[in-house]
Amino acid sequence: MAVDRETGNRLVFAVNGERIELSSVDPSTTLLEFLRSQTRFKSVKLGCGEGGCGACVVLLSKYDPVLDQVEDFTASSCLTLLCSVHGFAITTTEGLGNSKDGLHAIHQRLAGFHASQCGFCTPGMCVSLFAALVNAEKTNRPDPSPGFSKLTVSEAEKAIAGNLCRCTGYRSIADACKSFAADVDMEDLGLNSFWRNGESKEVKIKRLPFYDRIREICTFPEFLKKEIRSSMVLDSKRFFWYNPVSLIELQSLLDSLETKDGSLVKLVAGNTGMGYYKEIECNDRYIDLRNISEISSIKTDLTGIEIGATVAISKTIEALKKENKAEFHSNGEMMFKKIADHMEKIASGFIRNTASIGGNLVMAQRKHFPSDIATLLLAVDSMVDIMSGTRREKIMLEEFLERSPMDSKTVLLNVRIPTWESIRNISSDTNSMVLFETYRAAPRPLGNALPYLNAAFMAEVSSCRTSGGIIVYNCQLAFGAYGTKHAIRARRVEEFLAGKTLSVGVLYEAIKLVRATVIPNDGTSPAYRSSLAVGFLFNFFSPLVDNNGETFNGLLDGYMNHLLVEVSKLDQNTLQLDHDKILTFLSSAKQVLELSTEYYPVGEPITKAGAAIQASGEAVYVNDIPSPANCLHGAFIYSTKPLAWVRGIKFQPKPYPDGVVAVVTSEDIPKGGKNTGSKTIFGTEPLFAEELTECAGQRLALVVADTQKRADMAINFAVVDYDLEDLEQPILSVEEAVRRSSFFEVPPFLFPKQVGDISKGMAEADQKILSAEIKLGSQYYFYMETQTALAVPDEDNCMVVYSSSQVPEWTQTVIARCLGIPEHNVRVITRRVGGGFGGKALKAMPVAAACALAAHKLRRPVRMYLDRKTDMIMAGGRHPMKITYSVGFKSNGKITALQLEILINAGCAVDISPIMPHNVLSALKKYDWGALFFDIKVCKTNHSSKSAMRAPGEVQGSFIAEAVIEHVAAALSMEVDSVRSINLHTYSSLNFFYEGIADQPLDYTLPSIWNKLVTSSNLLHRTKMVVEFNRNNKWSKRGISQIPIVHEVTLRPTPGKVSILRDGSIVVEVGGIELGQGLWTKVKQMTAFALSSIQCDRVGDLLDKVRVIQSDTLSLIQGGFTSGSTTSESSCEAVRLCCNILVERLGPLRERLKEQMGSVEWEMLVDQAHLQSVNLSASSLFVPDLNSMKYLNYGAAVSEVEVNLLTGGTTVLQTDIIYDCGQSLNPAVDLGQIEGAFVQGLGFFMLEEYLTDSNGLVVAEGTWTYKIPTLDTIPKKFNVEVLNSGRHQKRVLSSKASGEPPLLLAASVHCATRAAIKEARKQLLFWSGQDGSTTNATIFDLEVPATMPVVKGLCGLESVERYLEWIIGTK
């Protein structure tokens, strides 16, 4: 029977100090859903719905009335069920402060360190940092200096390690966080708006916004403490949320709920599993296990630790790390600490805080989740306690994992981790010691990424008295997450090693057994994962093998004969894989800027407009706009076939899922309207497939429901009737497109011109490389805000659409065409965009058009916010390419001719693809090729249409150039940098290749940048150090590379409007959209500069009087595209033209007033102008001069990497960049653009795999499978110089673009990785008895992205075996 307890009729909790009381709620409602739909606190953003991005992080605070203590921890509100926060207090970034009542120091510092660009991720960053500050305050560390916290620098960086940002490149965010740390070195903090270089430490501290730790916000309000009663639970009848407090009550519940017809019951603790295993329908009832004392506590005794199944992973880590474990031998303490250290690499802090240890193991057992925890605990003979009905049993974890999946009535109660002493071999030597180590190979070092393979090894060893070698008494070897059902113990390997004295031969045989034991499934990179298993075992045992007086990797020199006399003499860290010893985070960064006051305040590194309100959560994005009355929500049904007739769509099991109001298709387009979803000058793409779907991911229909959740869930029940009758096979490769002549036409005015005489160039060559191939994949935008729009029907057949768009003007055109109404009936409003990178241009149009069509049909507002999976499937992304090249060159490395055949996969619709040939060639021409001949085809395939993505075509073109240079250098056995240098342009050759746009000789700054970077990066010395490092390290190799870029940009016509209001405040409209690139900031600076020429007295700072307002297509027309890196400067020039008009109008009045009064203040002048009917609003359209609308940008980068040969992991040790910004309009904004672009490029070249299945349907569909860079993957040292190259007469105030060109510099990391791999291959050939200098070592294809499996494959999947064979052979 259920226990009688006091129940609450209301769900009660607090949000930012405000009491919330609910009488009923759907138990499947998440905290995120509630906050965004039922409160004014919209700062929590939906970025992924998986707990993988940190945009929705909140602080949860829980009060313990017995201990009178508050526990504070972060959590993903997208996974936290609302009923689970009964009695909790929730804090979002709004609860820290705001612009009206005062901003928190966190908000001020993030803004002041230029750490917010699009701002969509910033609230989550703020809460993550705030939680770290709150919890640091609870430690017993000494009080810090005033203005600082008890936080350490390391903790400050770790605080935001799980939060994703696509804009900034993380360096500035890390600096803002570190500024709170008690142990921070103020000199290490980068560019900010608080102080200037050279100022004293005291001045810097004084100017930093003060952090008052004594008066910090109370996270748990007193009124809620009074309501907390330990026995108070929710009324299960009202909320369908059950809170058993004992196992007996749980058994009763499971029995009773099972009998209810068709109801879905879910057992929950943290609910984080929902982030991985998506629920396609809502559960009806939930059983919250957290209040059952038997499974929610941690017990410790001499034999080990027993952890309740509902204990959070973070609590488990704390328990395992607890100091002063007097009851444990040091071996046991070491083992527990290493398990805890490994657990800190699982997911992110805000997931570990709520994810339970038992939930993780149950997912591993029931659904074969690739669990780290299962592997760790398997290696130490852990046991689990399970309950099925009234039966309880304790079994080994190994048996638990091997059983058939648990049924819904079986519950995991606890897990027991024994101490080493309780499981050691009692017959072993009393002088023996335990070795324990854990391993993990994952795309991100610190976690927030599933591992390719994990392992945990424990061995009891002792030195042999007779031979001096090391005896393995017994060992326990666990491997997991390698593409099979569950983690395993490698029993055959354990049995083989037991009792043996370690030697090279024994280790070699053990490794062969590992290969035969760890056999991943096909399709999971099996060869790579097997090689990881071998590498891990080798890394564990190799330091213990005596190789004639030399240990394998020299890690334990001095411990030859008696390695293991006592524990204290063996540094356990020496057994770690090398990459763990590299600093995990940013260790230093340097920014070099040259400021100019010539056009003040233009040129000042002022804080980005809106950064503070982005941090405080007050900035309004499209999906933050409150839903109008009767608002509906949409979700797309998309095709899963690349080419098929669509015969119909229906839902199963019932005609319309709950909440669905309508399904909108092309048949609902009104008379006179057209089925248009997007358009460019090259053509259109349909809003919905009509009869034939031409790609997987194409829109078929829009489901409209009463909530976004119900709309998203409804599409899971949609069944599309496909028919393949009378259809050819789809075209799913560029080769097939060529075979079937399926191409898009490139207008002649866009197609690039051939350069020079290719026949002559080839004839002049001493050597040639013929028909070499490069393949480049796609890349997803991963803007933090997915595609979104809100359409509201207005009077007189009008439509107001709020769209997160880079092209509101063209969105307006598309909607008007679709609805068959005049464009003046459509108003498209865009205030700000939560990240774009080209993806919010054409790809935003169909989202807005679909909402407008549904709103038109249903006569109700309709909004849509794409879930991350749908967004990734439809986005298209960067253009994949296949390149075939032949190159002729002299023996000194000078290239004489380059011939290219480039096949571009454009997908099924034309989009912007015809510009790609021009863009590719433009960036590729950065070297003097002598002669350049090319054949470029834009292929029409049955993939989703590809679109513009930051530096579209240019990033590929620049990389192709580097690949050719690398190939030539390898063929000649020359240093790559020498080949680069000899092929850099002279001004004459630059003019030849970039005819008409090379500007003046003094504008060609690349040669000076190239030479300056050699010095500033200390390249020559570091190159020698890399050689020395590679000579002394067998299992890590370093590479260093310097590359240049030449990037052409084009100015486009841009409108502007400036109005001066009666009080002297100024309102500005521009065609450009604020995407996070600082466009509004530069426009404000330009407005203040241009109007300052009126020279009023005591005007103060005009900047404070300027407001830039949202884009409105009926207020300012001809807005055009915000793309191509030049919209900021074009918008600035448009505003300057407006201001010049206003100055001209106000000038005569000012002169008259001055004559009369002697002194004229700004407010007086404006007031008089209003009285005298002077027109104080001016509009303009900046149209660039044809002779100066194109120009070249220059930059160079040096990157140094270290590659782990056992895992293929690449660490970027240092990057140095010099980039020419001309005379920067705002150096702080441009610096952020440079760093952010570089890190996005790093993702393209090293991490991001945008994969599809055999039908072309995207399978990388979320944060679990698509890995953008994080704080732990950026360069450890990140130095950027923003070069002020002086005057450029044809530029806007001598400025140059910064948004896209620096992305190309990230190829330096790829090239440095190639250099490191080359050294690894030479070594491998040497071990194999071959000449390491052969072309087999130096000529190879390094794919993009150069992921861990790719790198390891080139370094040798069997490198450990080759090494051991070499050792054996030399003996």
Side-chain angles (χ1 to χ4, degrees), residues 379 425 427-429 432-437 439 455 457-479 489-519 527 530-564 570 574-575 577-578 1033-1035 1205-1207 1320 1323-1330 1355-1371:
N425 185 343
S427 64
S428 57
D429 193 320
S432 70
M433 67 164 286
V434 69
L435 298 177
F436 181 74
E437 199 54 74
Y439 297 91
F457 306 145
M458 183 162 65
E460 189 181 354
V461 297
S462 178
S463 57
C464 179
R465 293 184 178 86
T466 54
S467 69
I470 305 299
I471 298 174
V472 179
Y473 284 110
N474 64 72
C475 58
Q476 295 174 190
L477 312 173
F479 295 93
R489 282 275 293 275
R491 294 287 183 181
R492 287 174 60 198
V493 188
E494 294 173 2
E495 291 163 6
F496 170 77
L497 287 169
K500 287 191 170 58
T501 300
L502 283 175
S503 67
V504 175
V506 167
L507 189 51
Y508 182 64
E509 291 302 317
I511 276 167
K512 287 204 294 187
L513 275 175
V514 166
R515 280 220 186 258
T517 303
V518 179
I519 306 172
S530 290
S531 74
L532 286 175
V534 166
F536 290 164
L537 191 79
F538 172 77
N539 185 267
F540 183 68
F541 282 118
S542 66
L544 310 179
V545 178
D546 183 28
N547 176 35
N548 292 334
E550 180 197 354
T551 55
F552 270 2
N553 48 12
L555 292 176
L556 294 175
D557 291 338
Y559 293 87
M560 302 309 170
N561 301 317
H562 303 286
L563 282 171
L564 308 170
L570 182 64
T574 60
L575 300 182
L577 274 177
D578 292 341
N1033 288 272
K1034 290 186 179 73
W1035 300 108
L1205 271 56
L1206 295 179
T1207 66
Q1323 177 177 266
L1324 186 63
L1325 284 170
F1326 173 72
W1327 290 340
S1328 303
Q1330 301 176 46
C1355 292
L1357 292 171
E1358 298 182 350
S1359 57
V1360 170
E1361 288 94 327
R1362 297 295 84 78
Y1363 175 60
L1364 293 173
E1365 288 163 2
W1366 175 69
I1367 291 288
I1368 293 167
T1370 56
K1371 286 187 175 182

Closest non-hydrogen atom pair between Leu497 and Ala510, with its separation: CD2-CB, 3.9 Å

query: Do Glu495 and Arg492 meet the salt-bridge criterion of a basic N to acidic O distance under 4.0 Å?
result: no

- prompt: Hey, are the side chains of Met458 and Leu435 touching, using non-hydrogen atoms and a 4.5 Å cut-off?
  reply: no

field: Student check: side-chain heavy atoms of Glu437 and Asn539 closer than 4.5 Å
entry: no

task: Looking only at non-hydrogen atoms, find the nearest pair between Ala1320 and Leu1205 and report the distance.
output: CB-CD2, 3.6 Å

query: Roughly how far, to the nearest 0.5 Å, is NZ of Lys512 from CG of Leu507?
result: 12.0 Å

- prompt: Yes or no on side-chain contact (heavy atoms from CB on, under 4.5 Å) for Tyr508 and Phe538, after CA distance, side-chain angles and deciding distance?
  reply: CA-CA 9 Å; Tyr508 182 64; Phe538 172 77; over 6 Å; no

- request: Output the distance between atom OG (Ser1359) and atom CG (Leu1364), rounded to the nearest 0.5 Å.
  value: 9.5 Å

- prompt: Which heavy atom of Val1360 sits nearest a heavy atom of Trp1035, and at what distance?
  reply: CA-CH2, 4.0 Å

field: Qualifying residue for side chain to side chain contact (heavy atoms under 4.5 Å, CB included) with Leu1324, from Glu1358, Arg1362, Gln1330
entry: Arg1362

task: Spell out, as yes or no, whether a donor-acceptor pair under 3.5 Å connects the side chain of Ser530 to the backbone of Val518.
output: yes

message: For the OH atom of Tyr1363 and the OG atom of Ser1328, what is their distance to the nearest 0.5 Å?
response: 13.5 Å

task: Identify the heavy atoms of Leu1357 and Ala527 that sit nearest to each other, and give their distance.
output: CD1-CB, 3.8 Å

task: Provide the closest heavy-atom pair for Val545 versus Val504 in the form atom of the first, atom of the second, distance.
output: CG1-N, 3.6 Å

task: Run the ring-centre check on Phe479 versus Phe457 and record whether the distance is less than 6.0 Å.
output: yes

field: Student check: side-chain heavy atoms of Gln1323 and Trp1327 closer than 4.5 Å
entry: yes

Plane angle bin for Tyr439 and Phe540 - parallel if under 30°, tilted between 30 and 60°, otherwise perpendicular: perpendicular

message: Rounded to the nearest 0.5 Å, what separates atom CD1 in Ile470 from atom CE in Met433?
response: 10.0 Å

Heavy-atom side-chain proximity of Lys500 to Val472 below 4.5 angstrom: no

message: How long is the straight-line distance from OG of Ser542 back to CG of Leu502, given to the nearest 0.5 Å?
response: 10.0 Å

task: State, to 0.1 Å, how close Gly535 and Leu1206 come at their nearest heavy-atom pair, and which atoms those are.
output: O-CD1, 3.8 Å

field: Reported CD1-to-OG distance for the pair Ile471 and Ser462, which is rounded to 0.5 angstrom
entry: 6.0 Å

